[in-house]
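In what follows, a structure is listed as structure tokens, so that the remarks can point back to it.
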Amino acid sequence: MKMTLAKIRTALLGMVSSLGGIGLFIVAFLDSSVLTFPVVNDLLVIDFSIENPARMPYYALMATLGSVGGCVLLYYLARKSGKAVFRRKAGRNAGKIRAWLARNEFLSVFGAAMLPPPTPFKFFVLAAGVFSVPIRTFVVALLLARGLRYFGEGYLAIRYGRAAEHYLADHKLVVTVIAVVLVLVIYVVKRRFFPAENQPV
């Protein structure tokens, strides 16, 4: 099984270089749904942006749309038949997770999508589907989070070249802290200015 997955990954990554943005969309879609390619999307956005800076917005957009599309597929799969799988993995915490999602739908999806690996991002996608987070909230949160992530990486790639790739690889903790701070700021603003939305439903 592992050998099969390894061959699939190798074949898919080989296609990306020839398909460009379309290949990036495919890898991002599969990574966010049925397969896993940790950090590959981020590195590909950086590589493509360095090679062709003028097309950076296109590459970042394709990675964003591919990721969102894959998440939407996983969301609907979870909504239809993922409750048993989620409850098995969440165990006793399923109730707490449901209560948190009810109060913080947007923030939960946005925060998980912003954080770098090894954040269990797909777990949050499954939870959103199982507990029926509104699809509009789900998609908007993903678009903002993945857009910020991939366009930010594309900008760093154009500005700093290969140094951007090395920085992200060597400073995962710094990147994680920045993402967490951003999520906390959004949380505080939401609690302060939109208190009615924080009530359980």
Side-chain angles (χ1 to χ4, degrees), residues 21 24-33 36-46 48-49 55-79 97 100-159 164 168 171-172 174-198 201:
L24 186 54
F25 177 94
I26 293 171
V27 172
F29 181 90
L30 294 174
D31 175 57
S32 295
S33 55
T36 300
F37 303 100
V39 195
V40 169
N41 294 324
D42 306 90
L43 298 179
L44 287 174
V45 169
I46 291 173
F48 286 3
S49 299
R55 293 175 65 84
M56 182 278 284
Y58 168 66
Y59 296 135
L61 178 63
M62 294 302 281
T64 299
L65 294 179
S67 181
V68 172
C71 289
V72 168
L73 172 61
L74 191 60
Y75 168 93
Y76 278 113
L77 290 174
R79 193 165 181 169
I97 294 171
W100 167 261
L101 274 173
R103 295 192 303 270
N104 304 281
E105 294 170 339
F106 177 89
L107 187 68
S108 298
V109 178
F110 179 87
M114 279 291 293
L115 294 174
T119 304
F121 172 60
K122 288 186 180 180
F123 180 81
F124 288 89
V125 176
L126 288 171
V130 167
F131 298 122
S132 299
V133 169
I135 187 61
R136 185 172 70 173
T137 299
F138 181 74
V139 170
V140 169
L142 284 174
L143 283 172
L144 288 174
R146 292 306 203 195
L148 283 171
R149 179 166 167 173
Y150 293 131
F151 277 89
E153 290 169 351
Y155 170 78
L156 291 174
I158 293 174
R159 185 171 179 84
L168 291 173
H171 297 83
K172 289 183 179 179
V174 174
V175 174
T176 301
V177 169
I178 292 173
V180 169
V181 169
L182 180 59
V183 172
L184 288 176
V185 168
I186 293 175
Y187 177 75
V188 171
V189 170
K190 185 174 183 292
R191 297 279 296 187
R192 174 67 177 83
F193 295 103
F194 305 98
E197 297 182 7
N198 297 301
V201 293

Kindly confirm or rule out a cation-pi arrangement of R149 over F121, judged by NZ or CZ under 6.0 Å from the six-membered ring centre and within 45° of its axis? no
Value for CG (L44) from CE (M62), rounded to nearest 0.5 Å, stands at 13.0 Å
Can you tell me how far the CG atom of N41 sits from the CG atom of L24, to the nearest 0.5 Å? 6.0 Å
Taking all non-hydrogen atoms of both residues into account, name the closest pair between [X] and [Y] and its distance.
| X | Y | result |
| --- | --- | --- |
| A113 | R146 | O-NH1, 2.8 Å |
| L73 | S33 | CD2-CB, 4.0 Å |
| A63 | A28 | O-CB, 3.5 Å |

Using the side chain to side chain contact (heavy atoms under 4.5 Å, CB included) rule, take Y75 and V139 through it: C-alpha gap first, then chi angles, then the decisive distance, then the call. CA-CA 10 Å; Y75 168 93; V139 170; over 6 Å; no
Report yes if the side chains of [X] and [Y] come closer than 4.5 Å at any heavy-atom pair, otherwise no.
| X | Y | result |
| --- | --- | --- |
| T36 | L30 | no |
| V109 | T137 | no |
| L156 | I46 | no |

With a sphere of 6.0 Å drawn around OH of Y58, does it hold more than 12 non-hydrogen atoms of other residues, nucleotides or ligands? yes
Whether the side chain of K122 engages the backbone of C71 through a donor-acceptor N/O pair (distance < 3.5 Å, no angle test) should be reported. no
Looking at R79 and S132, would you say the former's side chain and the latter's main chain have a donor-acceptor pair under 3.5 Å?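 Looks like no, no N/O pair under 3.5 Å.
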Given side chain to side chain contact (heavy atoms under 4.5 Å, CB included), test V40 with V27 step by step and report yes or no. CA-CA 8 Å; V40 169; V27 172; 4.2 Å; yes
V45 vs F151, test: side chain to side chain contact (heavy atoms under 4.5 Å, CB included). Steps then yes/no. CA-CA 9 Å; V45 169; F151 277 89; over 6 Å; no
Could you walk me through whether F110 and V140 pass side chain to side chain contact (heavy atoms under 4.5 Å, CB included), step by step? CA-CA 9 Å; F110 179 87; V140 169; over 6 Å; no
Give me the one residue out of Y150, Y59, F25 that meets side-chain contact (heavy atoms from CB on, under 4.5 Å) with T64. Y150
